[in-house]
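Have a look at the structure below, then the notes.
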Protein chains: 2
Amino acid sequence: MTMRDIPPVVVGRLPLYLRTLCYAQQEGLTTISSHELGRRLSISAAQIRKDLSMFGEFGKQGTGYPVAALIRQLRRILHVDRVWDMALVGVGALGRALLAYQGFAKRGFRIALAFDNDPHKIGQRVGPFVVQDVARLERALQEADIRLGVIATPASAAQAIAERMVQAGVQGLLSYAPIHLQLPEHIQVEYIDPVIYLQRMTFYLGAVDQGAAAEALAEATPCGQD
Amino acid sequence: MTMRDIPPVVVGRLPLYLRTLCYAQQEGLTTISSHELGRRLSISAAQIRKDLSMFGEFGKQGTGYPVAALIRQLRRILHVDRVWDMALVGVGALGRALLAYQGFAKRGFRIALAFDNDPHKIGQRVGPFVVQDVARLERALQEADIRLGVIATPASAAQAIAERMVQAGVQGLLSYAPIHLQLPEHIQVEYIDPVIYLQRMTFYLGAVDQGAAAEALAEATPCGQD
DNA sequence: TAGATTGTTAATCGATTAACAATC
DNA sequence: TAGATTGTTAATCGATTAACAATC
């Protein structure tokens, strides 16, 4: 179990199961069926059973899965039965929101270091953090043994920052910069670009009353990214 | 073309093609091959050609795709050859970062209205915005004919807000709340929960030196979400 | 012309679903 | 016991890749 030959699409669902199980636990459920878990996630019960069965036999016929035990198992499988320290680069509006976000600590993550290259920001306090000079990135990451990075820089800076973090030993990157990073294969990378998600939706939304559409037409929207 | 029977996975890649083509255009390229586009996105050339061929014949043998024309086509296909007004609910740290984000306007989106339920925030100016009372949500959305919503509330408020927005005519929702929303099938929903992405990465990161791991162990990480 | 690259087909690969025996 | 639900198999469904004729 916890093999590395699990289909990536299955790995992608495990955190959703964990999150949903946590809510169920807070509601007082001690047991949950694949059907109920699937209902809460709009995923089929068969899929959930198949996914979980890749890691062991966690359920019991007739009653379903024990919530607390399954949470423990998933946290072990996902390696969030510990706290992961992260380094944040880019203390703009988004970076500050991430520094303030309480949801990381509650689910196994903690921003330990924050960097920027703006002399006005370096040394500044942001909540419990002091913004570090990005020039110190490599040294600070190695000293703190950081393995996860969060990129909240402009797109134009992201590739170079990513390479430096990888050089300093980072193995996973969560990038909010709207650009695809070129990195060694063994590096885990996940992207969050809200515009990508919005455009996936507008594909399906289609036709609009032409009053609103005319208001700001085709060439009014430049291609600019950054 | 622009049919609704395009595989969702293909629709999901189109915005990536558009974004990458825009960068290529900024670099001065007038033409790009499927191979080069694929290289920049870590996607196979065959896949890109197959995806694009579902909407028409945009390329030319021997030379590739004309960048400007393909950008125009993709913007038309994705319906971002216009500006989409959006309503934001939840003006916390994340909401403020979204209100300040310049990347929306540059790529076809604009936050037109911002709502909160905190009396201290209502009426407050945030950049060019005045925070509205969420009690006015339905009326304001209908008046402004808003079809896209962004949820940046705590998870506990998200489902109710989503239902109210849908009631007011919203057809697509981008939710930053870490919870799966139960909504009618015809509503488009996309989710951004950074912890989900982080946990997908830590699955692969695995073993850690036990000094760091011991520092904050299993039961130190509660399940709490909100 | 020769080299490059598209659009498309067929083959391969992978993921989801349906169904059910086992069993709590 | 009877009803519910798991784990697993086989069948279905969908997505990706390889290959190549067409052609710029």
Side-chain angles (χ1 to χ4, degrees), chain A residues 1-17 20-21 24 29-71 73-74 77 180 185 200 203, chain B residues 1-17 20-21 24 29-71 73-74 77 180 185 200 203:
Chain A
M1 34 177 145
T2 310
M3 304 291 177
R4 253 110 219 100
D5 56 347
I6 303 293
V9 66
V10 173
V11 176
R13 283 189 292 261
L14 298 181
L16 299 173
Y17 300 160
T20 304
L21 286 162
L29 273 71
T30 57
T31 246
I32 194 169
S33 68
S34 58
H35 181 85
E36 171 62 11
L37 189 50
R39 192 191 59 75
R40 292 175 179 232
L41 279 167
S42 305
I43 291 177
S44 78
Q47 180 141 88
I48 288 172
R49 292 200 302 279
K50 192 145 207 292
D51 286 353
L52 294 177
S53 74
M54 306 194 93
F55 300 94
E57 306 197 355
F58 305 125
K60 192 148 62 167
Q61 288 101 323
T63 64
Y65 298 89
V67 173
L70 188 49
I71 286 172
Q73 290 291 336
L74 283 172
I77 292 165
H180 179 85
E185 275 200 12
R200 285 173 185 167
F203 173 86
Chain B
M1 32 181 147
T2 310
M3 304 294 178
R4 254 108 221 101
D5 55 347
I6 303 293
V9 66
V10 173
V11 176
R13 283 188 293 259
L14 299 182
L16 299 173
Y17 299 160
T20 304
L21 286 162
L29 273 71
T30 58
T31 246
I32 194 168
S33 68
S34 58
H35 180 85
E36 171 61 13
L37 190 49
R39 192 192 59 76
R40 292 177 178 229
L41 278 167
S42 305
I43 291 177
S44 79
Q47 180 142 89
I48 287 172
R49 291 200 303 277
K50 192 145 207 297
D51 286 354
L52 294 176
S53 75
M54 307 194 92
F55 300 95
E57 307 197 354
F58 306 126
K60 192 149 60 167
Q61 288 102 325
T63 64
Y65 298 89
V67 173
L70 188 51
I71 286 173
Q73 290 291 336
L74 284 171
I77 291 164
H180 179 85
E185 275 200 13
R200 286 172 186 169
F203 173 86

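Proteins come first, then strands; the chains are lettered A, B, ... in the order of their sequence lines, and each starts at number 1.
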**OP:** Could you walk me through whether Arg49(A) and Ser34(A) pass side-chain hydrogen bond (donor to acceptor under 3.5 Å, both in side chains), step by step?
**Re:** CA-CA 6 Å; Arg49(A) 292 200 302 279; Ser34(A) 58; 3.1 Å; yes

Original post:
Reading DNA chain D 5' to 3', which nucleotide is the first, and which the last, to come under 4.0 Å of any heavy atom in chain B?
Top reply: dA15(D) to dC24(D)

**OP:** Return yes if a side-chain donor-acceptor contact under 3.5 Å exists between Ser42(B) and His180(A), otherwise no.
**Re:**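 Per modelled atom types, Ser42(B) and His180(A) side chains form a pair under 3.5 Å.
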
Determine whether [X] and [Y] make a side-chain contact, defined as any pair of heavy atoms from C-beta on separated by less than 4.5 Å.
| X | Y | result |
| --- | --- | --- |
| Leu37(A) | Ile43(A) | no |
| Tyr17(B) | Leu70(B) | no |
| Phe55(B) | Ile6(B) | yes |

Original post:
Given pairs defined as Watson-Crick or G-U wobble with both distances under 3.5 Å, what dot-bracket annotation applies to DNA chain D, with ( ) intrastrand, [ ] crossing, | other strand and . unpaired?
Top reply: ..||||||||||||||||||||||

When rounded to the nearest 0.5 angstrom, what is the spacing between [atom1] in [X] and [atom2] in [Y]?
| X | Y | atom1 | atom2 | result |
| --- | --- | --- | --- | --- |
| Arg39(B) | Ser44(B) | CZ | OG | 14.5 Å |
| Thr20(B) | Glu36(B) | OG1 | CD | 10.0 Å |
| Leu52(A) | Ile77(A) | CG | CD1 | 7.5 Å |

**OP:** Identify, between Gly62(A) and Thr63(B), the residue whose nearest nucleotide on DNA chain C lies closer to the 5' end.
**Re:**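 Checking each residue's closest nucleotide, the 5'-ward one belongs to Thr63(B).
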
Subject >> Closest heavy-atom pair and its distance - Ile32(B), Ala24(B) >> reply: CD1-CB, 4.1 Å

Subject >> Near-strand residues of residues 8-17 of chain B, defined as heavy-atom separation under 4.0 angstrom from DNA chain C >> reply: none

Original post:
Passes side-chain contact (heavy atoms from CB on, under 4.5 Å), Leu29(B) versus Leu21(B)? Steps please.
Top reply: CA-CA 9 Å; Leu29(B) 273 71; Leu21(B) 286 162; over 6 Å; no

**OP:** Map Gly64(A) and Pro7(B) onto DNA chain D by nearest heavy atom, then report which one ends up closer to the 5' terminus.
**Re:**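 The 5'-side residue here is Gly64(A).
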
